[in-house]
Amino acid sequence: MTDQRPWRPTRRRLTDTLLAALAPVAVCGLALGGLSTWTAYGNAGGPARIKVTEGKVFAPSGATPVTAAFFRITNSGGAVDRLVKVTTTEAGPGVLTLNRHVMTSSNTATDETVASVAVPPGDSLDMSPDGLDVIVPVKKGWQPGDLVAFTLHFEHTGVVKTLAVVVGPGQDST
């Protein structure tokens, strides 16, 4: 003869069932919180879309061993990218560096080398003589109107090749 008692949940069975259901709910909540934080800090959405335009290089003057180059960098994508390096095979011997002009508290200008520069999503970075520029070793013979090929290296986008026109004193440089 078989036992015909109806099945009744016990306190132990209810506790075990609740704990088994709680684990996946907690994991989903943790994942949702992580994704929300990722999105809040601008890391969600489409990738960075970098475009480099308006390249200019100051024509060398006198015996100065370096000059400056400027670019307009536009990020029409949905994520931040970083300019990490600028190179060219058409400059004189030496290393190109990213340089920022900074005003100190005593109202004097100072230059500092920077390792990289952020280009926020949906924004532009306009290099200028009063802000960020690229210090370029001078190549003898550059004349206003000459074109110089540059390669800009970005953290996520990779390599972007562009041309910069050599501009003389008094010509539009920003």
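Heavy atoms only: backbone and side chains are in, while hydrogens, waters and symmetry mates are out.
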Q) For V136 and W142, what are the C-alpha separation, side-chain angles and deciding distance, and is it a side-chain contact (heavy atoms from CB on, under 4.5 Å)? A) CA-CA 12 Å; V136 181; W142 279 346; 3.9 Å; yes
Q: Show the numbers, then the answer: is there a side-chain contact (heavy atoms from CB on, under 4.5 Å) between M127 and V117?
A: CA-CA 11 Å; M127 295 183 175; V117 181; over 6 Å; no
(Q) Set out, in order, the CA-CA distance, both residues' side-chain angles and the distance that settles side-chain contact (heavy atoms from CB on, under 4.5 Å) for F154 and V52, then state yes or no. (A) CA-CA 11 Å; F154 293 89; V52 180; 4.2 Å; yes
Q.
Is there a side-chain contact (heavy atoms from CB on, under 4.5 Å) between K139 and V148? Walk through the geometry before answering.
A. CA-CA 10 Å; K139 180 177 181 181; V148 181; over 6 Å; no
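At least one side-chain heavy atom of P121 sits less than 4.5 Å from a side-chain heavy atom of V80.
When atom types are taken as modelled, the side chain of T74 and the backbone of S124 share no donor-acceptor pair closer than 3.5 angstrom. Side-chain atoms of D81 come within 3.5 Å of backbone atoms of H156 as a donor-acceptor pair (strictly under, hydrogens ignored). Side-chain atoms of D133 do not come within 3.5 Å of backbone N or O of A68 as any donor-acceptor pair.
Under the 4.5 Å side-chain contact rule for hydrophobic residues, V66 and F70 do not share a cluster. In terms of hydrophobic clustering, with Ile, Leu, Val, Met, Phe, Trp and Tyr side chains grouped at heavy-atom distances under 4.5 Å, V84 and L152 are assigned to different clusters. Under the 4.5 Å side-chain contact rule for hydrophobic residues, V138 and F150 do not share a cluster. V134 and V114 fall within the same hydrophobic cluster, defined by Ile, Leu, Val, Met, Phe, Trp and Tyr side-chain heavy atoms under 4.5 Å apart, directly or through other members.
What you find for A91 and P137 is that their closest heavy atoms are CB-O, 3.4 Å. Summarising the geometry of E90 relative to T88, their closest heavy-atom pair is N-OG1, 3.1 Å, with the distance given to 0.1 Å. Nearest heavy-atom pair across G168 and A59 is CA-CB, 4.1 Å. When all heavy atoms of D123 and V119 are compared, the pair lying nearest together is O-CG1, 4.4 Å. Residue F71 comes nearest to G55 through the heavy atom pair CD2-CA, 3.6 Å, listed as atom of the first residue, atom of the second, then distance.
Under the side-chain hydrogen bond (donor to acceptor under 3.5 Å, both in side chains) criterion, D146 pairs with no residue at all, not counting sequence neighbours. In terms of the side-chain hydrogen bond (donor to acceptor under 3.5 Å, both in side chains) criterion, residue partners of R82 (sequence neighbours excluded) are, by chain and number, S116. Applying the side-chain hydrogen bond (donor to acceptor under 3.5 Å, both in side chains) rule to H153 yields the partners T87; only residues at least two apart in sequence or on another chain are considered.
Here the options are V86, N99, L96, the test is side-chain contact (heavy atoms from CB on, under 4.5 Å), and the partner is I135; only N99 passes.
A distance of 7.0 Å separates CG of N75 from OG1 of T157, quoted to the nearest 0.5 Å. To the nearest 0.5 Å, atoms CD (E54) and OG1 (T162) are separated by 10.0 Å. Atom CG of L98 and atom CG of L83 lie 5.0 Å apart (nearest 0.5 Å). Atom-to-atom distance recorded for I73:CD1 and K51:NZ is 13.5 Å, nearest 0.5 angstrom.
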